[in-house]
Amino acid sequence: MSALLALGTVPAHAGWGKADRAHAEISAAQAKIDAANKVGASGNTPAMIARAQAELNLAKQNVEDGHKDTAIDQAIDAGRLADTAIGETHQANNAAAAARVADANAQAQHAQQDAADTQAEAQQKIADANARAADASAAAQSSAASAAAAQENLDAMRNQPPTVVTTTTEKTTSRTPTHRVVHKVVRRPAVSHTAVAERTTTTVTTGSPQ
């Protein structure tokens, strides 16, 4: 195919007539058109391939009609059109391949960025969970310390002696002499009145019963 594409025209050989030259140019042009179709030129440059095929058909008709020079020129034009179509198709294919590579690279970068974002989000979640765990641990320690202090106070209260209430009652007796008044000659023995006073003293010792 490379050798055929390199041929702009078919060189004339010694002893060749114009008819032979025309048939050779027609064959070379046909090979180039076939090659262009294989690389996708009919899809990339359909109008150019159609023109090349039309020129080639005219060349074939003219060589049959005996217009050998016209047929040679038309076959050469058909081959050049096929060459141009092949070149443009290669450029389009290369551009498409480069675009696919660029798109693949962009997708890979996006995937890497998404992975990095996901990892950062996961690390943030872990950090938040650790912070909550630390807060919960601190709260638990504070609660335990408060419970221990309350238990110590309770133990201290239990270790105090019980409350003892002592009641003491004192009685005080006083004698008040009665004055004797004599109204009559009759004498009576003097009577003494005794007054009794009570005093109660209560002593309280604070504490909690065991």
Side-chain angles (χ1 to χ4, degrees), residues 1-140:
M1 184 181 297
S2 299
L4 290 174
L5 295 179
L7 293 175
T9 58
V10 177
H13 294 278
W16 273 26
K18 289 184 178 181
D20 296 329
R21 170 74 184 280
H23 286 296
E25 292 291 354
I26 289 172
S27 297
Q30 185 64 62
K32 291 179 181 182
I33 292 173
D34 292 342
N37 288 328
K38 288 181 180 179
V39 298
S42 57
N44 184 65
T45 56
M48 191 172 295
I49 293 299
R51 284 176 54 194
Q53 188 63 55
E55 287 291 331
L56 182 60
N57 292 338
L58 290 174
K60 292 178 179 179
Q61 184 63 43
N62 283 323
V63 76
E64 291 180 359
D65 293 341
H67 305 297
K68 301 178 183 63
D69 291 334
T70 302
I72 292 172
D73 292 338
Q74 290 173 337
I76 292 173
D77 288 340
R80 287 174 179 172
L81 288 171
D83 286 339
T84 303
I86 290 172
E88 291 185 4
T89 301
H90 281 315
Q91 291 179 355
N93 291 341
N94 291 337
R100 287 193 296 269
V101 171
D103 183 65
N105 290 334
Q107 290 181 358
Q109 291 178 355
H110 290 162
Q112 291 176 354
Q113 185 62 43
D114 291 342
D117 293 342
T118 301
Q119 184 177 4
E121 184 179 357
Q123 290 177 350
Q124 183 61 44
K125 289 182 179 179
I126 292 173
D128 293 342
N130 290 336
R132 289 194 297 270
D135 292 341
S137 177

### Task
Hey, could you give me each pair passing side chain to side chain donor-acceptor pair (under 3.5 Å) that has a residue in residues 101-110? Not counting sequence neighbours.
D103-Q107

Between [X] and [Y], what is the shortest heavy-atom contact and its length?
X   : Y   : answer
T89 : G40 : CG2-C, 3.9 Å
A52 : A82 : CB-N, 4.1 Å
I26 : V63 : CD1-CG1, 3.9 Å

Euclidean distance, [Y] [atom2] relative to [X] [atom1], rounded to 0.5 Å:
X    : Y    : atom1 : atom2 : value
Q112 : D117 : CD    : CG    : 12.0 Å
E25  : Q74  : CD    : CD    : 12.0 Å
I76  : L81  : CD1   : CG    : 12.0 Å
K68  : D20  : NZ    : CG    : 10.0 Å

### Query
Is the closest basic N to carboxylate O distance between K60 and E64 below 4.0 Å?
no

### Task
Using a strict cut-off of less than 4.0 Å between a Lys/Arg side-chain nitrogen and an Asp/Glu carboxylate oxygen, indicate whether E55 and R51 qualify as a salt bridge.
no

### Task
With sequence neighbours excluded, tell me which residues meet side chain to side chain donor-acceptor pair (under 3.5 Å) with Q124.
D128

### Query
Is the side chain of N57 donor-acceptor paired with the backbone N or O of Q53 at a distance under 3.5 Å, no angle test?
yes

### Query
Counting only N and O atoms by type, is there a donor-acceptor contact under 3.5 Å from the side chain of T45 to the main-chain atoms of A41?
yes

### Task
Might you work through the side-chain contact (heavy atoms from CB on, under 4.5 Å) test for E88 and M48, ending with a clear yes or no?
CA-CA 10 Å; E88 291 185 4; M48 191 172 295; 3.8 Å; yes

